[in-house]
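I have placed the structure first, in the form of C-alpha cells, so that the comments after it can refer back to it.
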2 protein chains.
Amino acid sequence: MPVIHSAGRFSWTYRALSERLATGPGAIYWHVAGKGELLGAATDAVLAGAVTAGASDATPQDAIRSLALGVFDDHPWIGTQLARAPGQSPMPRVFENIGRQVQALGVPAAAQFSVASAVWNYILGVAGQNAANARPVRPETDRTEFLNAVSAVWADLDPDEYAFTRGVAGRLRDHDDRTEFLSGIDLILTGITAGR
Amino acid sequence: MPVIHSAGRFSWTYRALSERLATGPGAIYWHVAGKGELLGAATDAVLAGAVTAGASDATPQDAIRSLALGVFDDHPWIGTQLARAPGQSPMPRVFENIGRQVQALGVPAAAQFSVASAVWNYILGVAGQNAANARPVRPETDRTEFLNAVSAVWADLDPDEYAFTRGVAGRLRDHDDRTEFLSGIDLILTGITAGR
DNA sequence: ACCTGAACACCGTTCAAGT
DNA sequence: ACCTGAACACCGTTCAAGT
C-alpha cells in the first residue's frame, strides 16, 4: 500500500483519500480493516517523524519539551486518534523516548510507568483538545474575535462569585495556546523532579 | 427548549435526540444553531453538575482532585467538545473553582492564569482522550484482551532499543486509567507547590 | 412562534463484478 | 491478488409547508 504522507490539514475521508490515490473508495478496504486502522496507520506514520525531535537535547526536560512541541505544532490532530495497533506501531518508540527521560530525571522504578504515562497522556490529550478547538463552531468567527468576546463576558462577571475569573479575563484575551501547553509540561516536569 | 438530562452513554445525533423528544430532526434547529451549539449546551449542563463536586474539600489539592474525577468518571466525553458559548456557560464557574484552589495553593498572581489553564487543559484533554479510547477499534475486542496483546508485544521488543518499554510491559497490562489520570493531576499539583 | 418531515449532500462500509 | 464503482445505511442540515 502506498505510504501516506502527512500533508498538513487534510480531511481523512475515504473519498478524499481515494481521489488522491486515483482509485475508488472500496480499494482502500483491501488494505485496511476500517477507519480506525486507517487513522492508526496515519498516526503511526506521523509519530515516527516526531520521535526524531528531541533526540539530542541537552537535558531530559528539553528532550520532553521538544517531543511535546513536535506533536503539538505539526500534528495536533493525533490526539483524537490513538495508536492502538499493537503491531509495529511507533507508539512504543515515543513511549520509550519519554520513559528514558523519566529515568534520567531520577524517578524511582516503581513510579516510572505512571510518570511516563502522565506525560504521554498530557501531550496527546491537550494537543488533541487544541486541534478540536482549532475549528470554530461557526467558521466565520475567527479566533481573536472570539477570545475578545469571551474575555469581555468574563470581565463582566459578578465580582464576588467570579473574583478569580474576572481577574484573569485580560490574560485570556492575550493567551497563547502553545505557551499554555508548554507551561503545563513544565508544571509536570517540576512535579517529577520535586517529588523525588 | 427542553432541558437535556445527561443519560450516560448516549449518541448525540439529531435523529436519536429528535426521537427521544418525540419530534422531527428539523425541530431542534429552531433552538440551536448547529451541532456545535448542541454539544456545547449539553457540555454546559453537565459541567454545571460537576462544579458542586469538590465544593467543600479539606485541601485545595483535594478539591481539584474531586473536580477532576467528577469529569473523568461521569462525563469523560466532555473533553471532545469544549465550552465555547461565551454566554451563560458554566465554564467560568468551573474555571473559577480551579482558580481559587490555585490561589489557595499560593501561586503568584502573574502565574495563576497559566497554572489554572494547565489544570483545566489536563482534565478536559485526558478525560476526553480516555473517552475516545473507551470505544475500541473493533467492537469485539475487549479491553483486557487488548491490553494483554499490547503488553505481550512490548515484552517482546528489542532489549537494547526498548529497554524502558520492555520493562514496564507488565505494568501496562495491569494499569488503571483512572489511577493514571489521578497521578498526572498529582504531578501537576506537586509541580505547582514546588515551583513556589 | 414553533413544529413537521421529506429532501439534500456527505460520510463509512459493503460487495458483486471486473482485471 | 488487487481494483472498480455502484449501492446501502447513516449522518448533519435545510426548508417549504403546516399549526
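Each chain gets a letter, A, B and so on, in the order the sequences are listed, and its residues count up from 1.
Between A:Arg173 and A:Trp154, the closest side-chain pair of non-hydrogen atoms is not below 4.5 Å. The shortest distance between side-chain heavy atoms of A:Leu189 and A:Val119 does not fall below 4.5 Å. Proximity of B:Val102 to B:Phe113: side-chain heavy atoms (C-beta onward) are nowhere separated by under 4.5 Å.
Of the charged side-chain nitrogens involved, at least one lies within less than 4.0 Å of a carboxylate oxygen, so that B:Asp186 and B:Arg65 count as a salt-bridged pair.
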- [ ] Spell out protein contact along nucleotides 13-19 of chain C as letters: B when the base is contacted, S when just the sugar-phosphate is, - when no protein heavy atom is under 4.0 Å; keep the 5' to 3' order.
- [x] BBB----
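Computed from coordinates, the A:Leu17 CG to C:dC10 P distance equals 17 Å when rounded to whole Å. Following rounding to the nearest Å, A:Leu38 (CG) and C:dG12 (C1') show an atom-to-atom distance of 11 Å. Spacing between atom CG of A:Leu39 and atom C1' of C:dC11 amounts to 13 Å, rounded to whole angstrom units.
With a cut-off of 3.5 Å on both Watson-Crick or G-U wobble distances, the partner of C:dC10 is given as none. C:dA17 makes up no base pair with any nucleotide shown, lacking Watson-Crick or G-U wobble contacts both under 3.5 Å.
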Open item on the list: If you apply the rule salt bridge (Lys or Arg N to Asp or Glu O under 4.0 Å), what do you find for B:Glu96 with A:Arg166, and how did you get there?
Closed with: CA-CA 9 Å; B:Glu96 178 76 19; A:Arg166 262 179 72 103; over 6 Å; no
Task: Chi angles and distances behind the salt bridge (Lys or Arg N to Asp or Glu O under 4.0 Å) call for B:Arg15, B:Glu19 - done: CA-CA 6 Å; B:Arg15 279 170 183 79; B:Glu19 192 186 2; over 6 Å; no
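Taking atom C1' on both nucleotides, D:dC8 is separated from C:dC11 by 12 Å, rounded to a whole Å.
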